Amino acid sequence: MSNNFQYLVTGKNGLIGSAFVRFFKKSQTSFMAISKNDLNLLNYKETKSFIKDHNFETIINCAAMVGGIKANSSRPYDFLSNNTRIQNNIMDASIKSSVKNIVLLNSNCSYPSDATQPFKESEFLNGEPHKSNLGYALAKRSAFLQSVPLLEQYKIKTFHPIPCSLYGPNDNFNLENSHFIAAVIRKLITAKENNANEIRFWGSGNPRREFMYVDDAVEGIKFILDKNYSQKLINICWGKDHKLLDVINICSEYIGFKGLINWDKNKPDGMMRKLQSAEIINKIGWSPKVSLKEGLYQTIDWFLENKNKLRL
């Protein structure tokens, strides 16, 4: 027996997947959301059967193997293989079903490491990604490269938003594979609770990153979907960045950590800057709303209110 849903959201327990769930619930949209406990997207037969049994019009793929610089650097092939398999299984299964649109989230780490900043979408394939994110970046590039033949042969539209670095409620706070802001919040709160005199972070604190509150990113992605900007790479971003050190200072002050902050300069910084151009997304009529300070405060509050169900 089949069921009709306008949207399928994969990765419902992740940072952006859970934000889509909040968004669709609030707007009372017809959708289904699943996690890897509901469906193993690495298994093609299971994926094909599941998608064929439901009349989804649009799939928003938020499922991925993700991690920070440590995980990406140490397991590049795993990131390439697993993410490519998830994407391909969704695309292949969609061919056998009623799916008309697939949102395939891209990543700013897929831009060439030597690309002129701010990153413009036209520069996306003009060089190799930074080696610290190579496997994940190549997987994300492959999804975009497959979009044109998928449309030509099977008439399935794909959408390719490139969010800047995201953070917010329901982030992954596991220190082994979390992203920067989640790790900072957990480390600072733990240090304060333990009355620690100091806390240590990797690198110099000088790299600059562009951060967006995840609920803003969801609205931006839904905007390009509604406006039918398919088969195009589109940055979902602010067009302005911040030093990592500044982010830590904002969080430290709000959390109330009074100890010393030390930097382990023997550890890598990764790319010194990742700034995207907001020219296209602004031109077509969208811009984010939640400031960095406001978003960090909301995320810290959420962490403290949900300590018993964090992804650690």
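Every heavy atom of this structure was used, including side-chain atoms; hydrogens, water molecules and symmetry mates were not. Computed from a predicted structure; not experimentally measured.
Atom NZ of Lys25 sits in a sparse spot, with 12 or fewer heavy atoms from other residues, nucleotides or ligands closer than 6.0 Å. For Asn194, the CG atom is densely surrounded, since the number of other residues' heavy atoms within 6.0 Å is greater than 12. Within a 6.0 Å sphere centred on CD of Glu193, heavy atoms belonging to other residues, nucleotides or ligands number more than 12. Other residues, nucleotides and ligands contribute more than 12 heavy atoms inside 6.0 Å of the CD atom of Gln6.
Ser110 contributes a side-chain N or O that, together with a main-chain N or O of Ala137, makes up a donor-acceptor pair within less than 3.5 Å. With hydrogens and angles disregarded, no donor-acceptor distance shorter than 3.5 Å links the side chain of Glu210 to the backbone of Cys237.
Side chain to side chain, Asn206 and Lys243 meet the donor-acceptor criterion of an N or O pair below 3.5 Å. Asn61 and Thr10 are linked by a side-chain donor-acceptor pair at a separation below 3.5 angstrom, with hydrogens and angles left out of the test. In the model, Asn101 has a side-chain atom that pairs as donor or acceptor with a side-chain atom of Thr58 under 3.5 Å. Side-chain polar atoms of Glu46 and Asn40 form no donor-acceptor pair below 3.5 angstrom.
Listed by first and then second residue, the salt bridge (Lys or Arg N to Asp or Glu O under 4.0 Å) pairs involving residues 85-100 amount to none (not counting sequence neighbours). Screening residues 246-271 for salt bridge (Lys or Arg N to Asp or Glu O under 4.0 Å) gives no qualifying pairs among residues at least two apart or on separate chains.
At a threshold of 4.0 Å, the pair Arg273-Asp241 counts as salt-bridged, since one of the basic side-chain nitrogens sits closer than that to a carboxylate oxygen. At a threshold of 4.0 Å, the pair Arg141-Glu128 does not count as salt-bridged, since none of the basic side-chain nitrogens sits closer than that to a carboxylate oxygen.
Put simply, the residue from Tyr7, Phe24, Phe56 that forms a ring pair (Phe, Tyr, Trp, His ring centres under 6.0 Å) with Phe31 is Phe24. Of the candidates Asn83, Thr84, Leu80, Leu138 forms a side chain to side chain contact (heavy atoms under 4.5 Å, CB included) with just one, namely Leu80. Each of Tyr254, Tyr297, Phe173 was scored for a ring pair (Phe, Tyr, Trp, His ring centres under 6.0 Å) with Phe303, with one residue passing: Phe173.
Considering only residues two or more places apart in sequence or on other chains, Thr116 meets the side chain to side chain contact (heavy atoms under 4.5 Å, CB included) condition with none of them. Applying the salt bridge (charged side-chain N to carboxylate O under 4.0 Å, His left out) rule to Glu219 yields the partners Lys289; only residues at least two apart in sequence or on another chain are considered. The side chain to side chain contact (heavy atoms under 4.5 Å, CB included) search around Ala191 returns Ala196, Ile199, Phe257, not counting sequence neighbours. With sequence neighbours excluded, the residues satisfying side chain to side chain contact (heavy atoms under 4.5 Å, CB included) with Pro118 are Leu275, Ser277.
For an aromatic pair to be called close, the ring centres must be under 6.0 Å apart, and Tyr111 with Phe119 satisfies this.
The minimum heavy-atom distance between Asn82 and Leu42, with the atom names listed, is O-CD2, 3.5 Å.
In this pair, Phe201 and Trp263 present their aromatic rings tilted. The plane angle is within the 30 to 60° band. Between Phe50 and His54, the angle of the ring planes lies from 30° to 60°, which puts this pair in the tilted group.
At a threshold of 4.5 Å between side-chain heavy atoms, the hydrophobic network of Ile, Leu, Val, Met, Phe, Trp and Tyr places Ile86 and Met32 in one connected group. Note on Ile284 and Trp286: same hydrophobic cluster, where clusters join Ile, Leu, Val, Met, Phe, Trp and Tyr whose side-chain heavy atoms are under 4.5 Å apart, directly or indirectly. Follow the hydrophobic side-chain contacts under 4.5 Å out from Met212 and you reach Val103 in the same cluster.
Put simply, the side chain of Tyr167 reaches to within 4.5 Å of the side chain of Leu292, judged on heavy atoms.
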